[in-house]
Amino acid sequence: MCGIVGIAGRSEVAPRLVDALKRLEYRGYDSAGVATISSGRLDRRRAEGKLVNLEERLDGEPLPGTVGIGHTRWATHGAPTESNAHPHFCNGVAVVHNGIIENFAPLRAELIAGGSVFHSQTDTEVVAHLLAGYRTDGLTPREAMGKAVPQLEGAYALAVLFEDEPDMILGARSGPPLAVGHGKGEMFLGSDAIALAPFTDEITYLEDGDWVVITRDGLEIYDEGGSRVERASQLSQGAAYVVDKGNHRHFMEKEIHEQPEVVSNTLSHYVDFAEGRVKLEAAQLDFANLDRLAMSACGTAYYAGLIGKYWFERFARLPVEIDVASEFRYREMPLPGRMAALFISQSGETADTLASLRYCRANNLSIGAVVNVRESTIARESDAVFPTLAGPEIGVASTKAFTCQLSVLAALAMIAGRARGTLSAEDETDMVQALVTAPRLFNEVIRAIEPQIVTLSRELARFKDVLYLGRGTSFPLALEGALKLKEISYIHAEGYAAGELKHGPIALIDENMPVIVIAPHDRHFDKTMSNMQEVAARGGQIILITDEKGAASASIDTMATITVPEAAEIIAPMIYSLPIQLIAYHTAVFMGTDVDQPRNLAKSVTVE
Ligand code: M6R
């Protein structure tokens with residue numbers, strides 16, 4: 001949450017800071033601000049709301065200076081007002097921060113007792129006061145940083161300007177990532193490499209506990225003990241990504257339509273289509289010798305993991321223990337020997353997922369990560385990285401990352417099945433043949449169903465509540481469908497296992513609560529049909545998502561039946577993701593919400 005950037009440059013930096021912040025806006029968009037030093041004077045511009053408001057402010061009141069820092073905020077402490085917007089100032093010190101200073105309350109109380117006057121409700125402002133205090137005591141910026149940072153508890157990535165040292169920016173990281181970019185006679189700081197992509201592709205990642213001093217000519221890195229350390233730089237792929245909407249109205253729409261291509265790219269990484277086999281060399285985890293696999297993730301990535309659990313257990317006979325990362329990290333679950341852990345994350349920076357990973361690392365488990373951002377912290381801290389080749393996902397609602405995660409998990413479950421001798425060569429070949437068809441089916445489905453979904457979504461936009469039902473791998477899809485609808489349309493939605501309906505949620509059924517049933521004509525179909533009958537008998541309105549066989553055998557009146565081509569079991573969750581994504585997208589468009597940047601959310605959740 002929150003994006004930070006810093007530039008020690010040779011030309012005006014305010015427009016470049018804003019440009020970098022645009023690439024970080026997915027991390028938060030409650031307010032934004034930039035600060036620079038010009039003619040020995042620290043100054044800032046801040047604005048509530050989206051970055052466009054800050055741009056307007058800067059148009060009216062330009063901010064000169066060749067060294068500066070910037071911030072786009074996802075509010076944690078204090079309302080999204082201008083006074084809470086970063087950068088925060090105190091006596092010639094300016095600070096931007098991503099994360100949460102957990103001990104800010106006692107620090108603030110102590111500082112107030114010592115005479116400090118605070119101007120915001122944020123946790124961040126204590127950092128500016130601490131640093132300013134040490135400067136007043138006569139410490140250099142490096143010494144002040146070396147004294148202040150160890151006092152901070154919690155998660156932070158910081159960038160700091162000192163008015164009387166106008167050529168340097170200090171940065172620090174504990175938890176959230178911080179990247180240093182090497183330019184030609186210029187240096188940069190940013191929450192990720194994509195933010196810095198227009199300026200440089202040579203990146204040094206700070207390690208946890210590091211802090212850094214950058215000037216136009218170079219960098220000095222210190223570890224948490226204050227010793228000078230070297231961290232290798234690397235070439236980032238961030239610059240290769242074009243982050244624009246193309247001809248689409250929203251990033252989410254673009255990303256939904258990119259799925260045939262990115263799923264195909266991802267599958268090719270794990271599957272040898274010519275040989276009809278999965279690529280065993282892609283495994284990197286010793287699946288053959290495991291008794292159990294622990295999995296964890298958040299949000300949509302967690303639902304991908306839930307589907308993966310069905311596959312690992314069915315095809316590889318490998319028991320899977322899965323939990324949302326915010327619970328996993330504190331559950332103190334026993335982690336006996338012959339167990340590995342697999343984490344799933346688009347951003348690779350989600351705080352709870354990373355903490356769960358570190359819990360497993362501390363318990364000596366082998367760690368695998370299914371991640372989209374290759375240079376992320378989760379990827380860097382894992383033994384085995386299983387990339388999803390989705391490209392940058394900018395819309396807050398995860399779409400293409402989800403289907404790419406499913407692609408990787410399907411391939412890994414097959415690899416595990418082969419390694420454990422539970423998947424026959426014939427079954428493997430059949431499943432690979434099914435995977436080959438996925439990109440084509442994606443194209444067909446989008447073309448075939450989108451017009452119908454536009455019409456349906458106009459109707460759905462009238463409702464206040466929607467229920468999603470599914471069985472087997474369609475149950476996590478029901479959860480995902482509900483999440484997608486609520487996060488971008490703000491319509492209340494719940495996902496349930498179809499068999500659970502009669503254990504409570506059936507009490508909600510009436511004509512005001514449409515029920516979206518995800519029911520491929522698979523081994524669960526008849527049972528799901530019985531649940532649909534129960535809904536129909538109580539006047540519920542059904543939207544059935546099924547295939548031709550399912551549509552033909554469902555003898556029931558529906559509000560709409562969305563028919564997708566028949567898909568083999570291993571690819572059905574990917575194919576059925578499309579209708580649920582399109583329903584959420586078009587309903588949100590009709591509701592007039594901010595589809596790519598829904599209220600209160602951020603793309604990368606780097607705080608607990
Ligand atoms: O970057 P991650 O995959 O770790 O993010 C996990 C969740 O925050 C994310 O999937 C979230 O639920 C999305 N907004 C859902 O669309």
Side-chain angles (χ1 to χ4, degrees), residues 1-3 24-29 74 175-177 191-192 194 250-253 255-256 259 295-308 322-329 342-357 369-382 385-388 390-406 408-409 468 476-477 479-490 493 495 577 580-585 587-588 593-608:
M1 326 300 260
C2 302
L24 290 174
E25 207 178 8
Y26 71 89
R27 289 170 163 267
Y29 33 80
W74 185 82
S191 292
D192 64 30
I194 291 182
H250 300 102
F251 279 109
M252 182 178 178
E253 183 185 47
E255 287 157 6
I256 290 173
Q259 289 178 104
M295 276 166 65
S296 193
C298 298
T300 290
Y302 168 67
Y303 298 141
L306 271 184
I307 293 175
I322 179 163
D323 209 345
V324 288
S326 51
E327 293 300 317
F328 187 106
R329 62 183 290 187
L342 189 62
F343 298 93
I344 308 158
S345 176
Q346 187 285 126
S347 61
E349 301 294 349
T350 301
D352 285 321
T353 310
L354 182 58
S356 302
L357 181 156
V370 178
V371 284
N372 198 36
V373 180
R374 285 286 275 271
E375 295 146 18
S376 59
T377 312
I378 289 178
R380 282 183 284 123
E381 294 196 13
S382 296
V385 178
F386 304 110
T388 50
E393 191 181 66
I394 305 298
V396 162
S398 188
T399 51
K400 62 177 182 170
F402 178 64
T403 44
C404 287
Q405 285 159 355
L406 292 179
V408 175
L409 291 167
Y468 286 73
L477 267 191
L479 298 172
E480 168 62 3
L483 170 63
K484 213 89 301 170
L485 187 70
K486 63 187 145 197
E487 76 176 319
I488 57 168
S489 74
Y490 317 145
S577 298
I580 63 172
Q581 294 169 354
L582 289 167
I583 286 173
Y585 172 72
T587 305
T593 60
D594 190 338
V595 171
D596 284 332
Q597 295 181 328
R599 67 186 181 203
N600 305 337
L601 288 171
K603 183 73 181 158
S604 180
V605 184
T606 54
V607 294
E608 271 195 66

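When a residue number appears, it is its place in the shown sequence, counting from 1. In listed order, ligands and their atoms are each counted from 1. Predicted model, so just to flag it, every value in this text is computed and none were measured.
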Can you check whether Ala397 has an N/O within less than 3.5 Å of an N/O in ligand 1?
-> no
Does a donor on one side chain sit under 3.5 Å from an acceptor on the other, for Thr403 and Gln259?
-> yes
Looking only at heavy atoms, which two atoms of Leu485 and Tyr468 are closest? And how far apart?
-> CB-OH, 3.6 Å
Numbering the atoms of ligand 1 from 1, which are under 4.0 Å from a heavy atom of Thr300?
-> 10 (O), 12 (O), 15 (C), 16 (O)
Would you say ligand 1 has an N or O under 3.5 Å from any N or O of Lys603?
-> no
Can you list the atoms of ligand 1 that are under 4.0 Å from a heavy atom of Ala301?
-> 3 (O), 10 (O)
Which of the numbered atoms in ligand 1 are below 4.0 angstrom from a heavy atom of Ser347?
-> 1 (O), 2 (P), 4 (O)
Glu487 contact mode with ligand 1 (heavy-atom cut-off under 4.0 Å) = side chain
Kindly compute the distance separating CG (Asp323) from CG (Asp352), expressed to the nearest 0.5 Å.
-> 11.0 Å
Numbered in order shown, the ligand 1 atoms found under 4.0 Å of a heavy atom of Lys484 are 15 (C), 16 (O)
Proximal atoms of ligand 1 relative to Ser398 (non-hydrogen, under 4.0 Å) = 15 (C), 16 (O)
Tell me, please: is Thr353 in heavy-atom contact with ligand 1, that is, under 4.0 Å?
-> no
Closest non-hydrogen protein atom to atom 8 (O) of ligand 1, residue and atom name please, with distance?
-> Val605 CG2, 4.0 Å
One should read off an interatomic distance between Glu255 CD and Thr399 OG1, to the nearest 0.5 angstrom, of 5.0 Å
When rounded to the nearest 0.5 angstrom, what is the spacing between OG in Ser356 and CD in Glu327?
-> 10.0 Å
Per-pair distances, 0.1 Å, donor-acceptor, side chain in residues 298-308, under 3.5 Å, sequence neighbours excluded:
from   : atom 1 : to     : atom 2 : distance (Å)
Thr300 : OG1    : Glu480 : OE1    : 2.9
Thr300 : OG1    : Glu480 : OE2    : 3.3
Thr300 : OG1    : Lys484 : NZ     : 3.0

Measure the distance from atom 6 (C) of ligand 1 to every protein heavy atom, then report the residue, atom name and distance (to 0.1 Å) of the closest one.
-> Cys298 O, 3.3 Å
Shortest non-hydrogen contact from Ser347 toward Val373 = O-CB, 3.4 Å
Strictly by modelled atom types, are Thr388 and Gln405 linked by a side-chain donor-acceptor pair under 3.5 Å?
-> no
If you scan protein heavy atoms around atom 13 (C) of ligand 1, the nearest is Val396 O, 3.7 Å
Close side-chain approach of Leu409 and Leu342, heavy atoms under 4.5 Å = yes
Which residue owns the protein heavy atom closest to atom 4 (O) of ligand 1, what's the atom, and how far is it?
-> Thr350 OG1, 2.4 Å
List every atom of ligand 1 that sits less than 4.0 Å from any heavy atom of Gln346, numbering the atoms from 1 in the order shown and giving each element.
-> 1 (O), 2 (P), 3 (O), 4 (O)
